[in-house]
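Let me begin by presenting the structure, written as structure tokens, before commenting on it.
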There are 2 protein chains.
Amino acid sequence: MIKLEALRVFVTVAESGNIKDAADAVGRTASAVSMTLKQLEDEIGGPLFQTDRKNSLTALGNLMLDLGREQIRSFDKSVSIMRAFAHSRIGSLSIASVPSVATNVLPPILQRFLETRPQVQVELFDIDSAQVRRMVESGVADIGIAGESRAGGGVEFTPLFSDRFKLLCRDDHELCRLERPVEWSDLSGATLIRNGASDRIEAEEHKRLSAQSLITVYNVTSLVALVKAGLGLTILPSLTMHGAHDGVAVLELADAAASRQVGLVERRDIPPSPVAAAFRAFAVEQIPAMVAEHLGTLNGA
Amino acid sequence: MIKLEALRVFVTVAESGNIKDAADAVGRTASAVSMTLKQLEDEIGGPLFQTDRKNSLTALGNLMLDLGREQIRSFDKSVSIMRAFAHSRIGSLSIASVPSVATNVLPPILQRFLETRPQVQVELFDIDSAQVRRMVESGVADIGIAGESRAGGGVEFTPLFSDRFKLLCRDDHELCRLERPVEWSDLSGATLIRNGASDRIEAEEHKRLSAQSLITVYNVTSLVALVKAGLGLTILPSLTMHGAHDGVAVLELADAAASRQVGLVERRDIPPSPVAAAFRAFAVEQIPAMVAEHLGTLNGA
DNA sequence: TTATCAATTTCAGAAGAATTGAAGTTGGTG
DNA sequence: CACCAACTTCAATTCTTCTGAAATTGATAA
């Protein structure tokens with residue numbers, strides 16, 4: 001059976017014009033090269049060089065030089081593609097994330113991730129937690145970032161950070177004058193605006209308050225606008241509030257349990273592609289610190 | 001270094017869905033296949049299968065299956081082209097031949113030659129001996145068939161057959177009544193038409209007769225027409241006279257030395273391509289018999 | 001023509017890689 | 001939970017390729 005390695009040797013000899021130099025080039029002795037050539041000629045069925053001084057090719061040798069070069073080039077390229085893919089330097093990565101993370105956390109993370117992987121193709125979807133899970137489950141997204149869900153399904157959840165809920169109200173609201181974290185009892189009588197995230201709060205007091213609420217808003221910008229307009233208060237995870245807004249205040253809640261777990265959502269059954277695995281590792285390493293930093297600046301501002 | 005053979009094993013396993021069947025298919029034991037796969041994974045830098053039951057590929061495995069299949073296909077095709085060329089099943093063959101051989105001898109020879117080589121491309125030029133030599137020397141033709149020449153040049157001559165000159169005259173000419181081969185002396189006083197081939201006759205008597213000739217014709221058809229019209233006699237190699245012509249007779253010459261050597265013309269320095277070499281061998285084997293047969297039927301007719 | 005010399009080939013032994021068969025693991029299934 | 005088939009591991013073996021020395025070849029100069 002003819003081997004690609006033999007073609008490599010032949011091409012080197014054809015290019016060198018003699019065995020000795022070619023032998024040096026491939027790191028073998030002249031005798032090894034000579035034997036390889038002989039074997040190649042036997043297997044192909046004809047002489048490749050005009051004389052045993054290897055400076056001129058036969059017609060067969062020329063054909064073999066052309067075809068051999070092309071085979072070598074193509075093989076090496078394929079191998080390099082496979083290696084690049086395995087080492088996640090190429091490939092495609094589809095991320096589904098809840099908007100708070102997609103907006104506040106992912107941009108710098110992705111930037112750093114792609115710095116060493118300029119050839120990787122990324123898609124980023126910002127959708128709510130339920131849809132994140134659905135996209136990952138269906139394989140449309142390689143990896144998801146969402147709030148924790150009880151239902152297992154085909155996906156697995158790995159916590160990354162927890163994000164405490166805070167109260168958002170007009171800055172002239174009486175609660176702002178409280179010099180301490182807000183208790184649920186402080187809110188009795190207040191008008192609460194529900195949102196997609198606040199339903200996750202386990203506290204009975206909150207559930208009761210929430211049940212009385214007449215308005216539900218899913219978009220954070222609209223939510224802030226409503227609060228500002230004086231239609232009520234709302235309770236949101238810290239991370240969803242990007243930056244400060246004029247006229248609204250963010251107050252701490254006394255209930256430490258009022259927080260959401262945000263983490264990675266992945267398919268349980270099929271292994272991630274190399275890029276997805278690399279991103280997963282990167283995310284686990286970097287996102288918690290990034291969130292801490294982001295929440296720090298939020299509080300500081 | 002990754003080997004094409006390892007890719008072959010991998011592709012077989014990926015297609016079989018398990019190691020055992022693949023091992024049978026490639027004629028190895030399961031353990032050899034397992035080790036090859038492991039080595040491949042190490043060298044590529046990632047797992048190719050989702051589990052150690054080899055029935056589902058990772059993303060990397062899928063990529064490798066695609067690329068590997070293509071590499072294998074392409075390599076095998078290249079090798080088969082090289083082999084086909086070496087065994088002269090493909091390639092191109094350019095033949096330059098004097099018209100007598102091109103017309104009377106080559107057609108059946110070429111047909112038989114190409115019967116087992118339907119992919120070979122052939123070009124056939126019919127030109128005079130000097131030009132045959134020139135075409136071979138310049139490399140335009142791979143092989144030539146021509147009369148012998150003294151000047152060596154870059155070409156080599158290999159005799160194939162000798163072809164006696166004969167006398168062509170009107171069938172009402174008085175020489176036809178001779179019941180014996182014609183002597184040069186019988187021609188004194190006759191009008192000779194010179195032609196491209198007859199100048200090669202060494203005999204002094206002929207040279208003298210020829211010197212008196214006023215007409216030279218290079219085309220055989222025209223030559224026959226002139227003889228028929230009664231403008232004179234001419235002397236031609238047997239093979240140039242294809243079939244019988246009404247009104248003209250072909251007479252034997254007594255001078256046995258009046259013949260031309262026809263043979264192969266080849267370049268001395270560069271080796272022939274496989275097809276050319278195959279044709280050369282075929283020609284050496286078949287042309288003499290073919291000529292004998294052809295001249296036999298000519299004489300018999 | 002012969003002598004010379006470097007390149008190449010040949011050869012036998014050495015080194016290295018792949019393969020085998022047996023034993024040990026693993027993971028799925030009844 | 002035990003079984004079974006598939007797979008992996010390991011050490012020994014076999015096969016291939018490589019090396020270094022010696023022989024051969026062919027080009028160049030004497």
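Each chain gets a letter, A, B and so on, in the order the sequences are listed, and its residues count up from 1.
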With DNA chain C as reference, determine whether A:Met35 or A:Asp21 sits nearer its 5' end, using the nearest nucleotide of each.
->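 It is A:Asp21 whose nearest nucleotide is closer to the 5' end.
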5' precedence on DNA chain D between A:Ala32 and B:Asn18 (nearest-nucleotide basis) |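 The 5'-side residue here is B:Asn18.
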First of A:Arg53 and A:Thr29 reached from the 5' end of DNA chain D, by closest nucleotide |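 Upstream on the strand: A:Thr29.
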Check every strand shown and say whether B:Glu5 touches a base, only sugar-phosphate, or nothing at a heavy-atom separation below 4.0 Å.
->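 No contact.
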Would you say the side chains of A:Arg260 and A:Ser100 form a donor-acceptor pair under 3.5 Å?
->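 Side chains of A:Arg260 and A:Ser100: pair found under 3.5 Å.
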Look only at the side chain of B:Thr58 and the backbone of B:Leu48, and say whether a donor-acceptor pair between them is shorter than 3.5 Å.
->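 Side chain of B:Thr58 to backbone of B:Leu48: a pair is present.
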Output yes when a side-chain donor or acceptor of A:Asp142 lies under 3.5 Å from a complementary backbone atom of A:Ser94, and no otherwise.
->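 Side chain of A:Asp142 to backbone of A:Ser94, a donor-acceptor pair under 3.5 Å: yes, one is there.
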First and last nucleotide of DNA chain D, 5' to 3', lying under 4.0 Å from heavy atoms of chain A |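 The protein-touched segment is D:dT16 to D:dG26.
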Positional range of nucleotides in DNA chain C within the contact set of chain B, heavy-atom, under 4.0 Å |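 Under 4.0 Å from chain B, the extent on DNA chain C is C:dA17 to C:dG27.
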Might you point out which heavy atoms bring A:Arg28 and A:Val33 nearest each other, and give the distance in Å?
->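 In terms of heavy atoms, the two residues are closest at CB-CG2, 4.2 Å.
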Considering all heavy atoms of both residues, which atom of B:Gln261 and which atom of B:Pro159 are nearest to each other, and what is their separation?
->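 Nearest pair, atom of B:Gln261 first, then B:Pro159: OE1-CB, 3.4 Å.
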Test the B:Arg117-B:Phe113 pair against the cation-pi criterion, namely NZ or CZ under 6.0 angstrom from the six-membered ring centroid and within 45° of the ring axis.
->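 Geometry flag: set, cation within 6.0 Å and 45°.
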Does B:Arg8 make a cation-pi contact with B:Phe10, if we ask for NZ or CZ under 6.0 Å from the ring centre and within 45° of the axis?
->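 Verdict for B:Phe10: no cation-pi partner in B:Arg8.
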Between A:Lys38 and A:Glu43, is there a salt bridge with N-O shorter than 4.0 Å?
->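 No, this pair does not count.
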